[in-house]
Amino acid sequence: MATPNYSYEKRQKELAKKRKKEEKLKRKAEGKPDDATDDETGAPDGDAAGDAPPAEPTV
């Protein structure tokens, strides 16, 4: 069985976070009003509620 590549998953998460931050800065620069909620989760910005799936219990 192959082992999970956690560094790849971490890098992908970091890249997604960076992309989201850049898009937010771009929207701010354009002068468009920014929502108080996140587009995907509906959670307020800065809330980590919808960022990661729940951890699997270890046996």
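The shown structure was predicted, so the numbers you read here are calculated from the model rather than taken from an experiment. Positions are given from 1, in the same order as the sequence printed here.
- Every residue meeting the side chain to side chain contact (heavy atoms under 4.5 Å, CB included) condition with Glu9, not counting sequence neighbours, appears here in chain and number order: Tyr6.
- The side chain to side chain contact (heavy atoms under 4.5 Å, CB included) search around Glu14 returns Lys10, Arg11, not counting sequence neighbours.
- Thr3 is linked by a side chain to side chain donor-acceptor pair (under 3.5 Å) to nothing, counting only residues two or more places apart in sequence or in another chain.
- Annotation: the span from Glu23 atom CD to Leu25 atom CG amounts to 10.5 Å, rounded to 0.5 Å.
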